[in-house]
Amino acid sequence: MLGLDVCEFGGQVLELLWLTMCYRGILADKKDLYIEEEEDDRNLGYTAPVQKSLEEIQALDKDDESLVKYKQTLLGKATLLADPSVQNVQVTRLTLLCDEAPRPLTMDLTEVSDQKDKKTISIKEGVTFRLKIDFKVNGEIVSGLRYHHKMFRKGIIVDKQTYMAGSFGPKEEEQEFITPVEEAANGVMNRGHYQVKSCLKDDDKNVNLSWEWSLEINKDWIE
């Protein structure tokens with residue numbers, strides 16, 4: 001890489017490590033969103049890249065000390081000896097972020113197998129909020145992580161959303177994805193119980209987690 005100026009070197013580094021960069025696609029018009037995978041990719045303007053394993057990425061320019069250090073900074077203390085019995089992407093929590101909320105609105109997702117006990121989050125009508133999803137990547141880079149979301153009221157779909165979270169390398173600590181700002185429905189006709197079906201998928205069409213929960217919209221906060 002001798003003879004390259006700083007800009008050229010930086011461009012090549014970013015190209016080599018594109019899988020680790022977090023692409024956050026914010027969708028402007030959620031009316032056009034659809035939950036099916038093929039439609040999702042068209043709406044996002046996203047084409048899945050050619051997959052590279054963590055081992056392949058780590059092997060790139062392994063004799064270049066400065067590049068190796070840069071990759072270590074981005075990938076953290078990743079190891080290729082991760083336990084194969086552990087799911088590569090483990091989703092741990094969903095949090096509803098709202099400055100007006102009187103208390104934390106967090107949902108534990110480490111045990112969601114029993115769908116008979118669906119978790120509920122209650123909010124005040126008309127408030128703005130965002131969803132934060134915490135997860136761990138354990139062994140290999142996950143590419144094109146997407147959050148899918150359908151909301152039902154009395155069995156009828158009233159909202160659909162798809163957000164691109166990005167691509168993430170394995171790290172010892174948890175990582176997170178935060179959606180753009182949403183606004184809760186307002187008015188007496190919109191108060192009540194909503195059923196939500198959520199899932200996190202990736203470019204390999206892995207369903208990293210699929211879960212159901214409930215959103216209660218009330219006139220005021222429930223203490």
Side-chain angles (χ1 to χ4, degrees), residues 22-37 39-41 43-44 46 87 89-113 115 117-137 142-153 156-168 171 173-186 190-203 206-218 220-222:
C22 180
Y23 161 46
R24 301 183 182 277
I26 299 177
L27 304 177
D29 188 353
K30 69 182 181 180
K31 293 184 292 183
D32 294 332
L33 300 178
Y34 193 63
I35 201 68
E36 298 299 331
E37 290 183 13
E39 193 70 17
D40 288 340
D41 290 343
N43 287 334
L44 290 168
Y46 173 77
Q87 187 172 342
V89 179
Q90 293 176 301
V91 188
T92 57
R93 279 183 310 283
L94 181 145
T95 303
L96 193 146
L97 303 174
C98 179
D99 293 338
E100 300 179 37
R103 63 188 178 281
L105 304 173
T106 300
M107 180 182 300
D108 182 6
L109 297 177
T110 56
E111 296 182 7
V112 296
S113 58
Q115 292 295 330
D117 184 23
K118 296 184 178 66
K119 301 177 184 295
T120 300
I121 291 180
S122 297
I123 61 175
K124 178 183 176 181
E125 63 180 359
V127 298
T128 57
F129 64 89
R130 295 181 295 169
L131 295 178
K132 180 168 76 78
I133 300 173
D134 292 273
F135 57 92
K136 278 198 67 179
V137 181
V142 58
S143 176
L145 198 62
R146 306 161 174 78
Y147 171 68
H148 301 281
H149 172 119
K150 279 184 179 180
M151 183 179 290
F152 300 80
R153 190 175 191 194
I156 299 174
I157 298 177
V158 295
D159 191 25
K160 302 175 187 177
Q161 297 183 28
T162 299
Y163 294 119
M164 173 62 76
S167 298
F168 300 85
K171 290 187 178 181
E173 65 272 18
E174 289 188 352
Q175 303 183 66
E176 66 182 33
F177 162 63
I178 300 177
T179 68
V181 175
E182 295 284 333
E183 183 175 350
N186 203 354
N190 293 313
R191 296 173 196 157
H193 177 89
Y194 294 80
Q195 181 186 7
V196 185
K197 294 183 178 180
S198 296
C199 72
L200 217 61
K201 296 183 180 179
D202 57 42
D203 279 346
N206 295 317
V207 178
N208 298 287
L209 187 68
S210 177
W211 73 100
E212 296 184 20
W213 52 290
S214 297
L215 182 68
E216 289 281 349
I217 297 180
N218 303 298
D220 209 338
W221 294 104
I222 297 177

Task: Q161, R130, H149 screened by side chain to side chain donor-acceptor pair (under 3.5 Å) with E182, the one that passes - done: Q161
Task: Donor-acceptor pair, side chain of E212 and main chain of Q195, under 3.5 angstrom - done: no
Task: Shortest non-hydrogen contact between N190 and R153, atoms and distance - done: CA-NH1, 3.5 Å
TODO: For T92 and D134, indicate whether the former's side chain and the latter's backbone hold a donor-acceptor pair under 3.5 Å.
DONE: yes
Open item on the list: Just verifying a value: how many Å separate E100 CD and T128 OG1, rounded to the nearest 0.5 Å?
Closed with: 6.5 Å
Open item on the list: Any non-hydrogen side-chain atom of N206 less than 4.5 Å from a side-chain atom of V89?
Closed with: no
Open item on the list: Ignoring hydrogens, what is the shortest heavy-atom contact between L97 and K132? Give both atom names and the distance.
Closed with: CD1-CB, 3.9 Å
Task: For F129 against A184, the heavy-atom pair lying closest together - done: CE2-N, 3.7 Å
- [ ] Report yes if the side chains of Y194 and D159 come closer than 4.5 Å at any heavy-atom pair, otherwise no.
- [x] no
TODO: Could you tell me the separation between the CZ atom of R103 and the OG atom of S122, rounded to the nearest 0.5 Å?
DONE: 7.0 Å
- [ ] Evaluate side-chain contact (heavy atoms from CB on, under 4.5 Å) for I123 paired with L96, printing each intermediate quantity in order.
- [x] CA-CA 9 Å; I123 61 175; L96 193 146; 4.0 Å; yes
Task: Partners passing salt bridge (charged side-chain N to carboxylate O under 4.0 Å, His left out) against E174 (at least two apart in sequence or in another chain) - done: R93
Task: Exam field: side chain R146 to backbone G144, donor-acceptor pair closer than 3.5 Å - done: yes
- [ ] Taking all heavy atoms of W213 and all of S198, pick out the closest pair and write down the distance.
- [x] NE1-OG, 3.0 Å
Open item on the list: Could you go through L145 and V137, starting from their C-alpha distance and side-chain angles, then the distance that decides it, and tell me whether this counts as side-chain contact (heavy atoms from CB on, under 4.5 Å)?
Closed with: CA-CA 11 Å; L145 198 62; V137 181; over 6 Å; no
Task: Considering all heavy atoms, the nearest E176-I178 contact - done: OE2-CD1, 3.7 Å
Open item on the list: Using a 3.5 Å distance criterion without hydrogens, assess whether the side chain of S143 forms a donor-acceptor pair with backbone atoms of D203.
Closed with: no
Task: Distance, nearest 0.5 Å, that separates CD of E216 from CD of E125 - done: 13.0 Å
Task: Minimal non-hydrogen separation, V196 against M151, with atom names - done: CG2-CE, 4.1 Å
- [ ] Answer yes or no: is there a side-chain heavy-atom contact under 4.5 Å between K201 and C199?
- [x] yes
Task: Stepwise ring-ring contact (aromatic ring centres under 6.0 Å, His included) test for F177 and F168 - done: CA-CA 10 Å; F177 162 63; F168 300 85; 7.9 Å; no
- [ ] Enter the distance from K160:NZ to K197:NZ here, rounded to the nearest 0.5 Å.
- [x] 12.5 Å
Open item on the list: Before you tell me yes or no, could you show the steps for F135 and N208 under side-chain contact (heavy atoms from CB on, under 4.5 Å), namely the whole-Å CA-CA distance, both residues' side-chain angles and the distance that decides it to 0.1 Å?
Closed with: CA-CA 10 Å; F135 57 92; N208 298 287; over 6 Å; no
- [ ] Find the distance between CG (L131) and CG (L105) and round it off to the nearest 0.5 Å.
- [x] 10.5 Å
Open item on the list: For the CD atom of Q90 and the CG atom of L200, what is their distance to the nearest 0.5 Å?
Closed with: 13.0 Å
